[in-house]
2 protein chains.
Amino acid sequence: MPGPIQSLSRAAAIMRLLAGGERRLGLSEVATSLDLAKGTAHGILRTLQQEGFVEQDPESGKYQLGAELLRLGQSYLDVHELRARALVWADDLARAGGETVYLGVLHQHGVLIVHHVFRPDDTRQVLEVGSMHPLHSTALGKVLLAYDPVARGELGDAPLEAYTPRTLTSLEDIDAECALIRERGWADAIEETWEGVASIGALIQDRRRNPVGAVCVSGAVERVCEDGFVRPQLVASVRDAARAISRDLGAGRF
Amino acid sequence: MPGPIQSLSRAAAIMRLLAGGERRLGLSEVATSLDLAKGTAHGILRTLQQEGFVEQDPESGKYQLGAELLRLGQSYLDVHELRARALVWADDLARAGGETVYLGVLHQHGVLIVHHVFRPDDTRQVLEVGSMHPLHSTALGKVLLAYDPVARGELGDAPLEAYTPRTLTSLEDIDAECALIRERGWADAIEETWEGVASIGALIQDRRRNPVGAVCVSGAVERVCEDGFVRPQLVASVRDAARAISRDLGAGRF
DNA sequence: CGAACTGTGCGACATTGTCGAACACCCGCC
DNA sequence: GGCGGGTGTTCGACAATGTCGCACAGTTCG
């Protein structure tokens with residue numbers, strides 16, 4: 001199999017660089033960061049700008065991500081079959097459980113949130129569609145690790161970040177946890193990524209029983225847990241929702 | 001000035017094609033639609049797939065947009081200065097006006113919604129961030145047409161679509177409307193894009209007084225209008241919000 | 001005011017992307 | 001069940017393009 005098309009890979013690297021923490025980058029910064037000649041970086045940025053993927057501030061000359069990415073990102077959501085089929089079930093789960101609901105899919109080294117139903121109350125909440133959650137410390141991520149070898153392969157050798165004292169950081173612990181998840185059919189994460197937050201997740205499968213994503217409820221540990229364990233009613237609701245979504249995707253009776 | 005990098009332009013065309021109405025496309029469909037050789041289309045799709053911009057369904061072999069677009073689209077929003085500065089003002093406007101608030105920027109032939117505050121009530125609403133609204137028939141669009149020559153240039157010669165019987169469809173009417181908008185400083189759109197919906201928009205400028213976007217309130221014509229005109233209190237609120245956002249962007253006193 | 005940086009543009013040329021052809025596989029129709 | 005017509009994938013020749021060194025105008029900072 002031949003390699004990738006060089007200029008496309010370079011363009012992708014430039015866009016990922018611009019997506020990083022820094023708000024805007026100059027041409028020279030882009031070229032230096034990616035070890036490209038300035039003329040090369042300039043040619044790629046000029047074309048990305050013409051296509052709307054990058055914008056250049058006319059005053060400072062610095063580059064940033066462009067609006068076409070937002071538009072295509074929205075189109076990705078519009079045609080995402082899993083998300084389309086999950087919308088109603090996710091709303092029901094949020095209403096029944098009274099907590100935030102996330103729908104996620106494996107993407108690179110993490111879980112990409114493709115749908116987010118706000119907790120049904122009056123508090124101010126921030127939409128997280130498009131953001132990445134960690135694999136090893138969230139209910140969504142651990143469910144995918146348990147059932148999807150591709151996800152498990154993403155962990156590699158790098159040390160796992162300990163977000164809280166409760167985060168699992170050794171592969172042995174992760175694998176033991178995954179065996180438990182497979183045995184009981186759901187994952188929990190109690191203050192493993194954020195202090196004070198607990199969540200419960202379950203796998204979504206397609207009609208060939210391949211893992212395609214996960215759904216979870218998430219909320220304050222005081223509401224999601226009792227006696228140190230996640231509440232069984234919530235577990236049941238999440239699993240019901242996961243099965244319903246899987247059936248909608250053609251996974252057949254469980 | 002040299003032309004664009006061919007393979008980048010082609011890749012952009014492929015992604016835009018996949019963003020169109022059709023859910024998924026086969027390799028041959030992509031190649032035929034864009035008048036490319038199958039080997040060429042395949043090479044571009046393979047690289048886009050490796051970079052996460054495109055996904056291929058393993059069963060049917062068909063291609064669709066990939067998750068990396070959602071992630072980068074979200075990053076575009078994260079670093080979008082106009083949006084960041086407008087968030088609080090937009091919330092205030094929704095609360096004060098009791099209606100939906102949109103923040104939009106010019107993008108290609110339309111207005112791209114970069115922020116959307118739901119009407120503060122219990123009804124079910126659909127987030128429109130990432131979607132495009134028309135230029136010639138929305139308050140957001142008409143404000144941009146009035147103040148931004150680049151926007152005006154996007155109308156070209158193509159006939160303007162009449163979404164409702166009230167939509168302006170001739171360039172003369174559009175230009176007259178824009179003169180009125182410039183004179184009074186705000187735009188309205190009463191059932192010009194959607195039956196039963198009215199909206200009021202105002203321009204947002206940066207510190208060099210360049211037009212960079214627009215903000216509007218939008219709702220049922222029965223609430224937004226009285227005696228056939230948009231309610232003056234709402235107009236004042238929208239203009240206040242637009243000025244506040246512009247000041248935050250360094251536009252100085254008005 | 002000068003040095004050191006910036007972004008932009010140009011052109012030579014080496015490398016790469018393009019594309020015709022072939023192939024294995026699949027699907028639908030008879 | 002077989003056949004024809006399509007699919008997606010791969011390969012390699014080669015023409016076209018993308019790369020990059022260099023020069024330049026402009027800006028910034030000490």
Side-chain angles (χ1 to χ4, degrees), chain A residues 1-18 20 22-66 79 206-208 210 250, chain B residues 1-18 20 22-66 79 206-208 210 250:
Chain A
M1 175 181 286
I5 291 177
Q6 189 183 55
S7 48
L8 293 186
S9 294
R10 285 175 162 178
I14 290 178
M15 288 189 279
R16 278 197 270 273
L17 186 68
L18 292 173
E22 203 64 32
R23 182 186 286 280
R24 291 171 177 160
L25 293 174
L27 169 77
S28 300
E29 291 171 276
V30 169
T32 302
S33 297
L34 298 177
D35 199 29
L36 297 173
K38 282 201 301 176
T40 304
H42 190 256
I44 294 175
L45 282 166
R46 189 180 59 243
T47 304
L48 288 176
Q49 182 177 13
Q50 284 167 2
E51 300 295 342
F53 290 89
V54 147
E55 290 162 7
Q56 185 183 29
D57 183 68
E59 295 170 37
S60 66
K62 291 185 180 290
Y63 293 90
Q64 65 195 54
L65 291 178
V79 303
D206 67 10
R207 66 185 181 82
R208 286 193 177 185
N210 296 317
Chain B
M1 177 181 282
I5 291 175
Q6 188 183 57
S7 47
L8 293 185
S9 295
R10 283 175 163 177
I14 290 178
M15 287 189 278
R16 280 197 270 272
L17 186 69
L18 292 174
E22 202 62 33
R23 181 186 287 278
R24 292 170 176 160
L25 293 174
L27 170 83
S28 301
E29 290 170 279
V30 169
T32 303
S33 298
L34 298 176
D35 200 30
L36 297 173
K38 286 201 300 176
T40 304
H42 191 259
I44 294 175
L45 281 166
R46 189 180 60 244
T47 305
L48 287 176
Q49 182 178 12
Q50 285 169 0
E51 302 294 344
F53 291 87
V54 147
E55 290 163 4
Q56 184 185 30
D57 182 69
E59 294 170 34
S60 65
K62 289 184 180 295
Y63 293 89
Q64 64 195 54
L65 291 178
V79 303
D206 68 8
R207 66 187 181 82
R208 287 193 175 185
N210 294 317

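When reading the values below, keep in mind they use all heavy atoms of this one structure, side chains included, and skip hydrogens, waters and symmetry mates. Keep in mind the model is a prediction, meaning the values are calculated, not measured. Chain naming here is simple, since letters A, B, ... match the order of the sequence lines and numbering starts at 1 in each.
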Distance, rounded to the nearest Å, where B:Arg24 contributes CZ and D:dT7 contributes P: 18 Å

Quick check on D:dT19: is either OP1 or OP2 less than 4.0 Å from any side-chain nitrogen or oxygen of A:Gln6? yes

With a 4.5 Å cut-off on side-chain heavy atoms, are A:Tyr63 and A:Gln49 touching? yes

Using a 4.0 Å heavy-atom cut-off, does A:Ile5 contact any base of the nucleic acid, only the sugar-phosphate backbone, or nothing at all? sugar-phosphate

Closest nucleotide of DNA chain C for B:Asp35 versus for A:Gln56: which of these residues is on the 5' side? A:Gln56

Taking atom C1' of D:dG18 as reference, at what distance in whole Å does atom CG of A:Leu8 sit? 12 Å

Taking for each residue the nucleotide of DNA chain C bearing the nearest heavy atom, is the 5' side occupied by A:His42 or by B:Leu36? A:His42

Spacing between A:Leu27 atom CG and D:dT19 atom P, to the nearest angstrom: 14 Å

Is any side-chain nitrogen or oxygen of A:Thr40 closer than 4.0 Å to OP1 or OP2 of D:dC20? yes

What's the CD1-P distance between A:Ile44 and D:dT17, to the nearest Å? 16 Å

Would you kindly give the CG-to-C1' distance between A:Leu45 and D:dG18, to the nearest whole Å? 15 Å

Can you check the A:Leu34 CG to D:dT19 P distance for me, whole Å? 13 Å

Provide the closest heavy-atom pair for A:Gly3 versus B:Arg46 in the form atom of the first, atom of the second, distance. O-NH2, 3.3 Å

Within less than 4.0 Å of OP1 or OP2 of C:dG7, is there a side-chain N or O belonging to A:Ser28? yes

Nearest heavy-atom neighbours spanning A:Gly61 and A:Gln56: O-NE2, 3.0 Å

Which heavy-atom pair separates B:Leu65 from B:Met15 by the least distance, and what is that distance? CD2-O, 3.5 Å

Please confirm whether the shortest side-chain N or O distance from A:Arg10 to OP1 or OP2 of D:dC20 is below 4.0 Å. yes

Pick the closest DNA chain D nucleotide for B:Pro4 and for B:Gly26 by heavy atoms, then say which residue is nearer the 5' end. B:Gly26

The nucleotide from D:dT17, C:dG7, C:dT16 with an atom nearest the side chain of A:Lys38 is C:dG7

Does OP1 or OP2 of C:dT8 have a side-chain N or O of A:Tyr63 closer than 4.0 Å? yes

How close or far is atom P of C:dG9 from atom CD of A:Gln49, stated in whole angstroms? 11 Å

In whole Å, I'd like the distance from the CG atom of A:Asp57 to the P atom of C:dT6. 17 Å

Does any N or O in the side chain of B:Ser9 come within less than 3.5 Å of the main-chain N or O of B:Pro4, such that one atom is a donor and the other an acceptor? no

